[in-house]
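First listed ligand is number 1; within each ligand, the first listed atom is number 1. Treat the numbers as computed from the prediction; the structure is a model and nothing was measured.
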Amino acid sequence: MIPKDHPRYASLVRREKIANAAWDKIVAMEGVGSHGRGEAFDYLIGEKTTDTALLAERTAAAMLLNAKQAVISVNGNTAALAADLIRDLQKESGAMVEINLFHRTEERMRKIEKLLRDNGVDVHTGPVERLVPLSHDRGLCTRDGIYSADVVLVPLEDGDRCEALIGMGKKVITIDLNPLSRTAKTATLTICDELTRALPNITAAVKELKGNGAAADELIKNHDNGKLLDSAVTSIMENLSNALGRKV
Ligand code: ATP
C-alpha cells in the first residue's frame, strides 16, 4: 500500500503497476529495465511536463488529426501503465490501436489484448506478416493496420523499429523520456515526457484542435524536432545546475 501523501506517489504507483504486470506476464522482464531507465530520466527532467514537452504533445495531436490513418502501437509497458489513457486518446482521435511486442508470445498477446479490451480499447487484430523490415518479431504487423498507416504513435519504442518505420515513409511520434535515445533522435516527433502525463495532454489537445484546423496546421508547420530534443537536454542540465548550485 503506497501512502497517498508520499512525495513521489505517482512514480511509485507506476512502478507498482509495472511490477504487478511483470508478475502477470504482461510486461517482460526486459520491460522492467526499460521502465527503470525511464524513471531515471524522469528524475533528471524534474518529474513534470516541461513547456516544450507540452508543445510536442500539442503537435502530436495535430499530426494525429491530420493523418489519413493513424495507429497507436502498444507494447506491454504501455498497456500496463496506460490502457485507460490509450482508450481516451483512441476515442478522441479515432486512431487504430495495434499491439506490437519485442518479446512476443501468444500468451502475452492474449493477455495484453484482454487488458486493453477490459479498459474499453478497440484493439485492431488480424493476420500479421513481416511487413516492417526487421528480423525479429516487431517486424510483424497487420497489412491494414500499422503497415497502411501514415502516422504511427509508438510510445516507449526502441531505435531500430523507429528507424524502420521512418524508412517506410511513415511519420513516427514517440514518447520517450530519454532525449539521447536512438528512438528520440530518429522519430519525426519526440515527446520527452512520462507516458501517463503525456497521453492525457495529447487527448486534451486533440479535443481542442478538432475545430481549429488552422492551429493544427501551424503546429505542424513550425515543428522542429532538433529544437525539442535540445530543450529536453537543456532542462536536464538546468536541473543538475540547480542541484549543484553551479552551472554544468
Ligand atoms: P533506443 O534503442 O531508442 O536507444 P532504448 O534501448 O533505451 O532505446 P528501450 O529500453 O526499449 O529502448 O526503452 C524505451 C525508452 O522508453 C527508454 O528510453 C526509456 O527512457 C523510456 N521510458 C520508459 N518508461 C517510460 C515512461 N513511463 N514514459 C516515458 N518514457 C519511458
Indicate, with yes or no, if [Y] and [X] share a hydrophobic cluster defined by side-chain heavy-atom contacts under 4.5 Å among Ile, Leu, Val, Met, Phe, Trp and Tyr.
X      : Y      : answer
Leu195 : Val32  : yes
Ile72  : Leu209 : yes
Leu189 : Ile86  : yes

Among protein heavy atoms, which sits nearest to [atom], and what does the distance come to when rounded to 0.1 Å?
atom                    : result
atom 13 (O) of ligand 1 : Ser34 OG, 3.6 Å
atom 27 (N) of ligand 1 : Glu194 OE2, 2.7 Å
atom 29 (C) of ligand 1 : Asp193 O, 3.3 Å
atom 25 (C) of ligand 1 : Leu156 CD2, 3.4 Å
atom 30 (N) of ligand 1 : Leu177 N, 3.2 Å

Any luck finding a side-chain donor-acceptor pair between [X] and [Y] under 3.5 Å?
X      : Y      : value
Thr190 : Asn225 : yes
Glu98  : Thr142 : yes
His6   : Arg8   : no

Report yes if some heavy atom in the side chain of Asn201 is under 4.5 Å from a heavy atom in the side chain of Thr49; otherwise report no.
yes
Who pairs with Asn77 by side-chain hydrogen bond (donor to acceptor under 3.5 Å, both in side chains), at least two apart in sequence or on another chain?
none
Does any N/O atom on [X] come nearer than 3.5 Å to any N/O atom on ligand 1?
X      : answer
Leu195 : yes
Gly159 : yes
Asp158 : no
Thr183 : yes

Taking the basic N atoms (NZ, or NE/NH1/NH2) and the acidic carboxylate oxygens, is any pair closer than 4.0 Å for Asp176 and Lys185?
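Looking at Lys185 together with Asp176, the answer is no, because their closest N to O distance does not fall below 4.0 Å.
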Check this for me, if you would: do Lys114 and Asp118 make a salt bridge, where the nitrogen-to-carboxylate-oxygen distance has to be below 4.0 angstrom?
yes
Near Gly38, which atoms of ligand 1 are under 4.0 Å from a heavy atom of that residue?
19 (C), 20 (O), 22 (N), 23 (C), 24 (N)
Using a strict cut-off of 4.0 Å, indicate which atoms of ligand 1 neighbour a heavy atom of Leu81.
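Listed by number with element, the hits are 27 (N).
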Heavy-atom proximity to atom 16 (O) of ligand 1, picking from Ile45, Thr196, Asp42, Asp176, points to Asp176
Out of Lys17, Arg37, Arg182, whose heavy atom is nearest to atom 6 (O) of ligand 1?
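It is Arg37 that holds the nearest heavy atom.
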Any heavy atom of Glu157 under 4.0 Å from ligand 1? The part involved is backbone
Sub-4.0 Å heavy-atom approach of Asp160 to ligand 1:
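Per 4.0 Å heavy-atom rule, Asp160 does not contact ligand 1.
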